[in-house]
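First comes the structure, then the notes that go with it.
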Amino acid sequence: MTLAVAEKRHAELAGEIQAHDYAYYVLAQPKISDREYDVLYRELADLEAAYPQLQTADSPTRRVGGQPSEGFKSIRHAVPMMSLDNTYSPEEVRAFLLRVQKLAAGKELEWTVEPKVDGLAVSLRYEKGVFVQGATRGDGTMGDDITANLRTIRALPLRLRPSKHFPIPEAMEVRGEIYLNLDGFRKLNQERLEAGEETYANPRNTAAGSIKQLDPQVTAKRPLAVALYGVGEFQGEASPTTQVALLEWFRELGLPVPEKLQLARSADEVLTAIGELDKIRHQFNYETDGAVVKLNDLPLRATLGSTSKAPRWAMAYKYTSEQAESRLKAITIQVGRTGALTPVAELEPVLLAGSTVGRATLHNEDELRRKDIRIGDYVIIEKAGEVIPAVVQVVTEKRNGTEQPFEFPRVCPECGTPVAKEKTAGGEGAVWRCANLDCPAQVRGRLEHWCARGAMDIEGGGEVLVTQLVAAGLVRDVADLYRLKAEEVSALPRMGAKSAANFLAGVEASKQRDLWRLLFGLGILHVGTGSAKALARRYESLDQIAKAGVAELTAVEDIGAVIAASVEAWFADPRNKEVIERLRKFGLNFQSSLYRPPEAVVTGGFTGKSFVLTGTLPTLSREQAAAKIEALGGKVSSSVSKKTDYVVVGDDAGSKLEKAQKLGLKILDEAEFLKLCEANA
Ligand code: IVH
């Protein structure tokens, strides 16, 4: 390929990917599958690897994250980033509206009401439409340069799309919030739970932790997004003159904006809009802690100006979230299957958002210290989203001096083994862990985890039965389950012959489960279903994983250094080796059906090309034809669309052929297909 050809293809691919990012992240209407997207992306990355000069500042590949930095550079905001006056009182909102009305003498005013996104303020600088720099608010004048991390956020356009309404400005600072997708936040916590890691307390702090990572690779893995609502510095010919038009323009430029912008013409309308927003804000994919009321007219805003802290033309109304007050009777410690100690608040039962709450999570020791929570304290609890209730603060006014600070135990409350403190990746607080593998809490936890639906899926293997099995001395590890006898199980309290037989049938059936389930079921620290599947795709059997070693494991897609080290350590432990040998003896399946030889993910003459196979071919089976396509980097899909490059037809081809003809696609018989394969090999 000549440089000129490469350049042309690069521009095509970059444009296509940008359009798909826009469709996916801004319009929420993806046009192609994730796999199809990946094919385009890989082609672009390969091209840039061959021609590094093509990697422009706005190339989609810049999103993966480069080298970790030593720290963040400070940058000065061309226009300071201010904060907002805020209130919980509707009367103060009216007073604010009246104040502005007086300043604007006689003018009929329009107001916008938009969600207050609970994220982190950012300023994004675009020059001639290209994203060149992004910064945190910092102290309002100077912020941290987080450009490399921001580039990893897919929802953030690296190049603005042209709009027919206004020209792309010379330079523009776009202001808004970075947030962590709520879906993504829940998924992240679910994965951490599965992997035996401590969960994150809330999306906002997690977003902050994610964007302040010195290693952009870590940021790239977090489900971050942006919502933009304002402009800082502006150098350009023309721009919108109202907030409504500004956000409309942002959307055209490819900049995501907050949802549900409302326009109001009187104080009553403003308050109604605030009420409306409160009703629907829980459906958004970010947390909102209020509504922002702004003057719609931008030139008028400029004449009103700001105080030293906040603009005169806007005010935030904060919603009160559902909270309740209760007394903290005690703090107990739960020991998880990986030995992690989690403090739990035992509360006097109280009604909160429709249900009675008696316990709330306190996350970890650092969180306890930070909030200075003491036994006997009155505390405010809150349900954040639909998540578990959490203690948000102490009502210090109600203290009478009898409250007792909590001494976090230095030994495991279950088995008495001294515990050790472990820093978590990302620095969101440290975990105390009990290292005794025989700790009854861990033994029970490991067995329950093995039986869980997402792992070996053994019905009946829940908390109750597992506790009984362990208490009766029948099982100590997961391999013991496979030598249980029917009479042993049915003799347990409240266990009939029938439920015992069902449980044992489940145990027997679990011998055939796929490798990733077994791998996940083993409960190796940091290995959730995602990483278990990643390993099972790369390795054919458990034995290969066991002998792979850190260096090799780290090279596996989606497996980082922390997971690799944990896997290696687990398989090196003689006790775990012994469990594996017993599982082998009981006939458990150690082979992976997900395994794909590395050759299957190749790039070749068919990279980026999509094929549909239809009808019966004279000599090749469907699998053989598909294998040929994939071996050359092509992709086989099941339905014909405009995006299909080739349709390979055999006998009795039906509607797919018709559709292909209608769309004018390239249609090949087997002989032509084989020729094409040869030409592209
Ligand atoms: S307008 C001059 N609109 O809330 C500042 N701010 O508590 C104009 N925020 O500093 C800000 N959503 O970081 C505005 N729709 C929205 C917002 C919003 C969230 C943040 C912003 C602001 C903070 C004040």
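Keep in mind the model is a prediction, meaning the values are calculated, not measured. As the structure lists them, so they are numbered: ligands from 1, and atoms in each ligand from 1.
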**Prompt:** Do any N/O atoms on Val117 end up under 3.5 angstrom from N/O atoms on ligand 1?
**Reply:** yes

Less than 6.0 angstrom separating the ring centers of Trp111 and Phe96, yes or no? yes

Of all protein heavy atoms, the one nearest atom 20 (C) of ligand 1 is Glu177 OE2, 3.1 Å

Over 60° means perpendicular and under 30° means parallel, so tell me whether Trp249 and Phe166 are parallel, tilted or perpendicular.
perpendicular

In terms of its nearest heavy atom to atom 4 (O) of ligand 1, the top option of Met82, Lys116, Lys294 is Lys116

Query - Min heavy-atom dist Gly230 to ligand 1 below 4.0 Å - result: no

Looking at Met81, Arg301, Arg175, Arg137, the heavy atom closest to atom 10 (O) of ligand 1 belongs to Arg137

Candidates Tyr179, Tyr229, Trp313; heavy atom nearest atom 6 (N) of ligand 1 found on Tyr229

Under 4.0 Å between heavy atoms, the region of Pro115 that gets near ligand 1 turns out to be backbone

A student comparing Thr112, Leu228, Leu84, Val292 should find that the heavy atom closest to atom 8 (C) of ligand 1 comes from Leu84

Next item on the list: Say whether Glu114, considering both its backbone and side-chain N or O atoms, lies within less than 3.5 Å of an N or O atom on ligand 1.
Entry: yes

Per-atom filter on ligand 1: closer than 4.0 angstrom to a heavy atom of Pro311 are 2 (C)

